[in-house]
Amino acid sequence: MHRTGELYGQFQTLEQQKESSTLGMWIFLVTEVLFFGGMFLTYTINRHQYFTAFGIGSNTLDIKLGTINTGVLILSSLTMAMAVWSAQVGKKGLVTGFLIATLALGTVFLGIKVVEYKQKFDHHLIPGHGFDVWYQVDNTKPETEMGKKLLDDEREELHKATLTDPDIQSHAQLYFSLYFAMTGLHALHMIVGAGLLIWLIKLSMRGRFTPQYNTPVEIVGLYWHFVDIVWIYLFPLLYLIDRHR
Amino acid sequence: MSEHSEHIVSPIVYMVIFFALIAGTTVTVLAAFQNFGQFNIVIALGIATAKATLVVLYFMHARYSPRRTQLVIVCAVFWLAIMLALTLSDYQTRQQHLSRIVPPAALYRA
Amino acid sequence: MQSQLPLYPPEASNFAPHVDALMIFITSVCVFFAAGITIAIIYFFFKYHRKQVDAIGVPIHGDPRLEAAWIIIPSILALAMFAWGAVVYVDYRHTPSDTLDIYVIGKQWMWKVQQPNGLKEINELHVPVGRNIRLILASEDVIHDFFVPAFRVKMDVIPGYNRYNTMWFRPTKAGRYHFFCSQYCGTNHALMGGWVTVMEPTEYAAWLSGSGAGGANPVAVGEKLFAEKACITCHLANGTGRAPSLNGLYGAQVLLAGGATVTADEAYIRESILQPNAKIVARYEPLMPPYQGQLTEEQVIALTEYIKSLRSQPVPVKGSGIAPVRGDETAPAPEKR
Amino acid sequence: MSTAPLVPEHELPDTHYLNATYGSGRSIRAWLLTTDHKRIALLYLASVTVFFFIGGIFATMIRIHLLTPGGALVSPETYNKLFTMHGVAMIFFFLIPSIPAILGNFLIPIMIGAKDLAFPKINLLSWYIYLIGGCFVLYSFGTGGLDTGWTFYTPLSSIYSNSAVTPAVIGIFINGFSSILTGLNFIVTIHTMRAPGMTWFRLPLFVWAHYATSLVMILGTPVVAITLLLAGLERMFHLGFFNPSMGGDPILFQHLFWFYSHPAVYIMILPAMGVVSEIIPTFARKPIFGYSFIAASSIAIAVIGFFVWAHHMFVTGESTYAALAFSFLSYLVAIPSAIKVFNWTATLYKGSISWDPPMIYALGFIGLFTIGGLTGLSLACLGLDIHVHDTYFVVAHFHYIMVGGAVMGYVGGLHFWWPKITGRLYPKALSRFAAIVLFIGFNLTFFPQFILGYLGMPRRYHSYPPEFQVLNVLSTAGASILAVGYLLPMLYLFWSMRYGKVAGPNPWPATGLEWKTDSPPPTENFHVTPVVDWEPYDYRNRPDLGLAAGGPLAPAHGDD
Ligand code: HEA
Ligand code: HEA
Ligand code: CUA
Ligand SMILES: [Cu+2]
């Protein structure tokens, strides 16, 4: 199709074009809701059945990193929203700045995620043949008294859990399967989002976004906020099971 | 098509929402370390939903969007609800056999 | 068999006449509508066939009364079909209490059947005519489905530790009937079938004892296992042990920690053995070791049968998680933990 | 030809979308990189036809194999692979994309007076996604095939089967996004791209049907995508989501699968209903009876269709209460279908009916869909489904709807819009003959299966007790007639692309906007943006159609 400036050939007006893109993105987000929804359903039913194992699995996650990451992601949502605002009011320099900030925060999030994944790998908590919930308590050499006590507590917990759920290996593995599937898919969405941000930054550096034409920033913003929302649910569901013991 | 002319949300609103979200996160984490029994999960999901609503309404401008967009959002939530509710309805009632239904009260001694 | 080309399989169980009647009803409704519409189409097609190349039809845009009629009438008929089907279905799911229980285990690609006295059969099932039979179904690998066309019964056989599916029927006609596996289960799904033999009760009894060399009585086997596997050390019959007495457990309501109750059916007993801590009996500690992986499918069945056989013995006074018979108004409300 | 209006001889327009020069000339690249919805539709036509062939060949082998009780043709493993691959090819790669991605893609922008879909590049992308998914599935077929049944029930598919399940699952997963993007594109286009005057209640019913279809596509497809992804992960990494020996729940898979796959049957039938709703008023030359009821019932089917999925699971041991609810809801979803059938029939009343080929297909559709739908009522009936579940009764039910209904509608739609797509007409007498062969062959193939099913022959059986042989032989005989019924249209439609008589813009004549432009249409669809000022299917106030309209009604029927 022929393009005339910002207007694509199939549209009659910029108005119509903007309307279509925004609606298109929203509808895409609907499909995303149901996409993640299928996993949330799988999660719900398994968690209901194997609550103990899910608690054990959840308690191995690093709550500090999780909380920090939640903060980072929320902050990136803020900078994204600010980028949209800057485009709407025509502050071209700010648009680029906020987009870069968003990208940076997104990268920090992914970096922290990598650290967490690495931890799970070291602790033999990747579902598959080497999976072993006992690995960590059996193979850690605590340096402090405090660390030793914590480890003993943990061993105690595991023993108790094994009593209620003898097949805790399988069921904890189920938890980690869901953990990796859900956070992995979420991370994949972040990576796609980062790609989109890089594209936006390029356009923005060329000064393309004006109060009249800023739809790309807006719809990428929608996507980014949606990914944030998914995390808002993932965080309590994965990190905060049975924390109060 | 003037109803679609865009509404610019001020940065102050964004900041307020941001702090509300951070506060929500903090409360969630703190609440998770208390024992509320059955209600831990309710609290966690309740706060998460409140946070998500804020993001949708303000960061995603749903509050200022045309009706049609709002309808799209409602549809997403509605279909998600169908999927969860109807499936869980099977799981929740599976154990009960029609032949064995007994009035619940005062039937047992513990 | 009826004729060369029968339209329905033999009717050999209590369900068959109901299902066939239902089928006739629904088919009549279907034929009524299908024929009505076909005739209308053909009639209109010829009657209003275009006579001139440029003729147009009479512009009729619709008629709300007609629309209402053809929303309401099919709705009523649909409701009738639903209701009748539901009644029959509830009958299917409403197992009578006096059933003869037979275990059926599906595995790729054969059926193992175990009669109440422990007699084992493969791809054969013998049942007496006129008795209520209940099949208790378990699978060792994938999902199968036990289907007897002559009885109009069918039930999936699902793997998993907490799952027994059951189905019941009452054979009404002696004879030999096909049964099939009707859930696709891999390569030889089509060969995973066999014969149900419906016998007169006396013949059945004779057959049971006559060919009884096949296996020991599961209740006896179960009793031995109960001692061997140390169940007996905790589950003392008088209810004074660390664990609830199992006397009279089967079929009773069990109060669980947390206040819920369950009916102690086969699935519950099975689960209590394999995964005891999935449901903890009120007032007991979760001490029982899980037997998942330590018992074969047959041993679980034997234990279950043994526990079921304790039904007739008196319920101990104290300590059992079993709820007393209904109507005990003086019972204190269950405490909250 | 006697009933066709006397039209002057036509000539093809000088430039149209088929011969227009695009940026890169008239090369193959201009086709492969096109963003023109009409060309993309033809790309789909080619690829979907390939899958229909593949699926049809599998079907033929199934039927030959079932000639004898012991199985006449192949080994048990191979037979299981045949019906699985038949189902996968036919459902995911033929029927779901057929009408929407070919006719819908071609027609929706033209019908609403737009230059293209809202997102032409995404439209092209979805064709490529379809191709990639298709390649994975073909790879799976080629490397031994898969034997899980098209329903992929776990744990058979995820743990026990040792056939090429993984590539097939990946292929279907990928293909899902093609479907999602098509649906998204349609919805946005219908919302934002309508020409001036094209209000919602002037939309052709074809567009309404596609709107409803798109709803199902965007709301259902993501769920099957994630489900198959989980099952695939389970298979690849030995996870336990649905594997009972690791604590997973196989029934959960069925819930997730049918959450999509029941609504998906409406992805298959709604577009065909849309086609029929266009054909009937055109060849009866009168407005459709109850326009708004038909439009609303499409939406109702799409919505209520999401509430009934567990009627495929009545014998899994699902809760009795859930079964009662799902059965009841299944009856609810039948009502909007009933509304449509009755309204189509009523439209014929006092029409001026011709028997042009599309009309024969449309009338055949009504009859066969009705039988298929009504037997769906037997299946939705709890007491009865216990007996007929997973027997040939089910096979007959869905072939009546999908082959007798949806494929009939698809072939009828091709015949109806072929002159618009290619600019040329096909031989009418031959195509009437083909339609009748198809109808007879179809009934002979699938009617005996109802009886087989009630007699208790389970489906997916590579061998069966001898008492079922007679009916199986009948069915196979029918299938060979059916194959001829499909072969003929393929041949003459292909032939007509070159040698057919030039059709002119509006050969039937029909009232839709698509008939106001050239055949084949120009790249930008209309030379000037059209303004719509007439009601849908109105023959009376349309002097431009050249019919005896306008004043008092023409004496349409000699007798009354
Ligand atoms: C295009 C595909 C399509 C369509 C449209 C339908 C439509 C319907 N289907 Fe079908 N179905 C399938 C494809 C389809 N189905 C497939 C592929 C399977 C098997 C899957 C597998 O296991 O492999 C299946 C299986 C299937 C089952 C499960 C069977 C089993 O495995 O045990 C059931 C059960 O309820 C069912 C019911 C229905 C109903 C009630 C409708 C309704 O929507 C039909 C509504 C239409 C009418 C009712 C006709 C018109 C109405 C009248 C003429 C007026 C009179 C009406 C009344 C009196 C109410 N279908
Ligand atoms: C859109 C969907 C669709 C379509 C169009 C068809 C079309 C046909 N189907 Fe299929 N079928 C399914 C969907 C479909 N089917 C599904 C979902 C299943 C369940 C799978 C499962 O259990 O997992 C199934 C299962 C199924 C079975 C049951 C297998 C079993 O359970 O064991 C049978 C048996 O008769 C069958 C037969 C046919 C026949 C004869 C046709 C005919 O209509 C096909 C006619 C078409 C052609 C023949 C090709 C075109 C013609 C030519 C190219 C001419 C040249 C060719 C020759 C001369 C051979 N199908
Ligand atoms: Cu076992 Cu099919
Ligand atoms: Cu269905």
Side-chain angles (χ1 to χ4, degrees), chain B residues 1-8 38 40-42 44-45 48-49 51-53 55-57 59-105 107, chain D residues 183-184 187-188 190-194 196 200 211-212 214-224 226-227 249 251-263 299 302-314 316-330 382:
Chain B
M1 299 216 171
S2 57
E3 60 159 324
H4 302 309
S5 70
E6 65 189 8
H7 181 282
I8 299 178
Q38 302 264 305
N40 272 78
I41 180 71
V42 178
L45 287 183
T49 305
K51 282 160 72 184
T53 313
V55 173
V56 171
L57 286 182
F59 282 0
M60 297 169 87
H61 307 161
R63 205 182 142 190
Y64 314 103
S65 300
R67 268 286 155 74
R68 184 204 287 155
T69 309
Q70 294 173 347
L71 188 68
V72 170
I73 300 168
V74 171
C75 281
V77 176
F78 179 66
W79 257 268
L80 185 65
I82 295 176
M83 181 170 75
L84 297 177
L86 283 183
T87 308
L88 292 175
S89 78
D90 172 22
Y91 281 82
Q92 285 310 308
T93 53
R94 189 116 20 100
Q95 298 301 324
Q96 297 162 18
H97 302 284
L98 281 183
S99 53
R100 305 256 168 79
I101 297 176
V102 277
L107 266 186
Chain D
L184 187 156
I187 292 194
V188 174
I190 296 170
H191 267 290
T192 62
M193 311 279 285
R194 282 170 284 129
W200 280 94
Y211 187 81
S214 307
L215 280 181
V216 182
M217 285 175 164
I218 58 163
L219 290 165
T221 319
V223 178
V224 81
I226 192 68
T227 312
D249 185 346
I251 302 296
L252 176 60
F253 175 87
Q254 298 183 14
H255 272 297
L256 287 165
F257 181 84
W258 291 116
F259 179 83
Y260 164 75
S261 292
H262 180 82
I299 306 295
V303 174
I304 306 175
F306 273 97
F307 293 83
V308 308
W309 74 82
H311 66 202
H312 295 269
M313 300 162 58
F314 286 154
T316 52
E318 83 178 324
S319 133
T320 310
Y321 299 100
L324 288 168
F326 280 109
S327 166
F328 181 76
L329 290 163
S330 302
L382 287 164

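As a basis for the values below, the full set of heavy atoms in this structure was taken, side chains included, without hydrogen atoms, waters or symmetry mates. Below, read A as the first sequence line, B as the second, and so on, with proteins coming before strands; counting in each chain starts at 1.
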A.B. asks: Sort D:F326 into side chain, backbone, both or neither according to what part of it lies under 4.5 angstrom from a heavy atom of chain B.
C.D. replies: side chain
A.B. asks: What distance separates D:F259 CZ from B:L84 CG, expressed to the nearest 0.5 Å?
C.D. replies: 8.5 Å
A.B. asks: Checking B:F59 now: which residues fulfil ring-ring contact (aromatic ring centres under 6.0 Å, His included) with it, not counting sequence neighbours?
C.D. replies: A:H225, B:Y14
A.B. asks: Got a second to check how far B:T93's OG1 is from D:E318's CD, nearest 0.5 Å?
C.D. replies: 8.5 Å
A.B. asks: I'd like to verify something: which residue of D:L219, D:V303, D:L215 has the highest number of heavy-atom pairs under 4.5 Å with chain B?
C.D. replies: D:L219
A.B. asks: Please test D:I218 against B:W79 for side-chain contact (heavy atoms from CB on, under 4.5 Å), starting from the C-alpha separation and ending with a verdict.
C.D. replies: CA-CA 11 Å; D:I218 58 163; B:W79 257 268; over 6 Å; no
A.B. asks: Are B:Y91 and D:I251 side-chain neighbours, meaning at least one heavy-atom pair lies under 4.5 Å?
C.D. replies: yes
A.B. asks: Looking at OG1 of D:T316 and CG of B:D90, how far apart are the two atoms once the value is rounded to the nearest 0.5 Å?
C.D. replies: 7.0 Å
A.B. asks: How long is the gap from OG1 on B:T87 to CH2 on D:W309, to the nearest 0.5 Å?
C.D. replies: 4.0 Å
